[in-house]
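Notes follow the structure.
Every chain is numbered from 1 and lettered A, B, ... according to where its sequence line falls, protein lines coming before strand lines. Atoms considered below: every heavy atom in the structure, side chains included; atoms not considered: hydrogens, waters and symmetry mates.
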Protein chains: 2
Amino acid sequence: MNTAPKDILTANDLKQTKPRLLVLEQIMGRDAAVSQPDLEKKLGGEVDRVTLYRTLSTFEEKGILHKIIDGAGTANFAICHSNCTSHHHHDEHLHFNCTQCKKVYCLDIKIPSTTIPKNFTMESIQLMASGICENCNIKS
Amino acid sequence: MNTAPKDILTANDLKQTKPRLLVLEQIMGRDAAVSQPDLEKKLGGEVDRVTLYRTLSTFEEKGILHKIIDGAGTANFAICHSNCTSHHHHDEHLHFNCTQCKKVYCLDIKIPSTTIPKNFTMESIQLMASGICENCNIKS
DNA sequence: TTAAGTGCAAAATCTTTGCAAATGT
DNA sequence: ACATTTGCAAAGATTTTGCACTTAA
């Protein structure tokens, strides 16, 4: 079910504009989540920085993209594969943040169920590991 | 072993200055981690904003404070209770970020051991839940 | 045609850097 | 006395807002 960028836009009542298509292409053709600074570099010549901010937050609200804040506080974006409805993401797998290349990987490992103290209500949970990813391990 | 602010400074070869003592007092008298914006508000009249930045990063480098980036990308600080040495924190317990009051709690629950794919090297791991904390649950 | 979306300029924040004055030891 | 640390000013970076122009439907 690898939906094409244009179909994603259609399915979400969004117009087919160049910035939106470019952003989706960038993010979909990856093994890892893409950081916002990275997107700015790649799309710098084609998409205005402000438009990028607005595009990303639209996509997040619609549940098209999933925003992951890494350990350095940088925003990273990945396609939502799980059953996300708008404003309510279920993306509860392990994220891995490489300290060398800065990539954030969405690994296919479920977060172990965790009990929290009574009186706390849990809405979501995120597990973020950091270290060296496979690519950087090979290179060194 | 509730060490006094001044003893913490002594133990880390830091001079006893007003900003440092005030920051430590703010952070130690809490059940939850304190966000940087919160610290700015509380200490606004007494400590320069730039000094606060520098103080917090000094404390983090020394292993006195532990920095936690919450889901919104905001920095939160808590005392390191575990055996932290400079530049190498072991703070692997569950953090809980209240979406209502924005507090970050350090809960005394260990992160379940997690296996990552071969070729990835894990250096640290962080588990962050969000939802409603006990205080906010009572109020509503 | 027209509502939605973009791009630019400009404001509002947040974070870092440089340096002279103040302070702890 | 002297190395540290602070506070201010100012540069740099990030994020948001307003508005006129453009474009997809």
Hits for ring-ring contact (aromatic ring centres under 6.0 Å, His included) against B:F77, two or more places apart or cross-chain, chain-then-number order -> none

Report all interatomic pairs (protein N or O, nucleotide N or O of nucleotides 9-16 of chain D) with separations under 3.5 Å.
| residue | atom | partner | partner atom | Å |
| --- | --- | --- | --- | --- |
| D:dT15 | OP2 | A:Y53 | OH | 2.6 |
| D:dT15 | O5' | A:Y53 | OH | 3.1 |

Partner set under side-chain contact (heavy atoms from CB on, under 4.5 Å) for [X], not counting sequence neighbours:
X: A:S35; result: A:P37, A:D38, A:T74, A:N76
X: B:I69; result: A:I69, B:K67, B:A75
X: B:T99; result: A:E123, B:S130, B:I132

In residues 41-48 of chain B, what donor-acceptor pairs under 3.5 Å come from side-chain atoms, sequence neighbours left out?
| residue | atom | partner | partner atom | Å |
| --- | --- | --- | --- | --- |
| B:D48 | OD2 | B:V50 | N | 2.9 |

For residues 104-119 of chain A, run the donor-acceptor check on the side chains, cut-off 3.5 Å, and write out each pair with its distance to 0.1 Å, sequence neighbours left out.
| residue | atom | partner | partner atom | Å |
| --- | --- | --- | --- | --- |
| A:T114 | OG1 | A:P112 | O | 3.0 |

Could you tell me how far apart [X] ([atom1]) and [N] ([atom2]) are, to the nearest whole angstrom?
X: A:R20; N: C:dA4; atom1: CZ; atom2: P; result: 11 Å
X: B:L43; N: D:dG7; atom1: CG; atom2: P; result: 11 Å
X: B:F59; N: D:dT6; atom1: CZ; atom2: C1'; result: 13 Å
X: B:L9; N: C:dT23; atom1: CG; atom2: P; result: 17 Å
X: A:E46; N: C:dG5; atom1: CD; atom2: P; result: 20 Å
X: B:L56; N: C:dT16; atom1: CG; atom2: C1'; result: 14 Å

So which protein N/O to nucleotides 21-25 of chain D N/O distances come out below 3.5 Å?
| residue | atom | partner | partner atom | Å |
| --- | --- | --- | --- | --- |
| D:dA25 | OP1 | A:Q16 | N | 3.4 |

Students should find that the end-to-end axis angle of the helix from C:dT1-D:dA25 to C:dT25-D:dA1, with five pairs defining each axis and rounding to 10 degrees, is 30°

Identify, with sequence neighbours excluded, every residue that meets salt bridge (charged side-chain N to carboxylate O under 4.0 Å, His left out) alongside A:K102.
-> none

Residues forming a salt bridge (charged side-chain N to carboxylate O under 4.0 Å, His left out) with A:E40, sequence neighbours excluded = A:R49

When you check the phosphate oxygens OP1 and OP2 of C:dT6, does a side-chain N or O of A:R54 lie under 4.0 Å from one of them?
-> no

Closest heavy-atom pair and its distance - B:V23, B:F59 | CG1-CE1, 4.0 Å

NZ of A:K6 to CG of A:L24: how many Å apart, nearest 0.5 Å?
-> 13.0 Å

With sequence neighbours left out, what residues match A:T10 under side-chain hydrogen bond (donor to acceptor under 3.5 Å, both in side chains)?
-> A:Q16

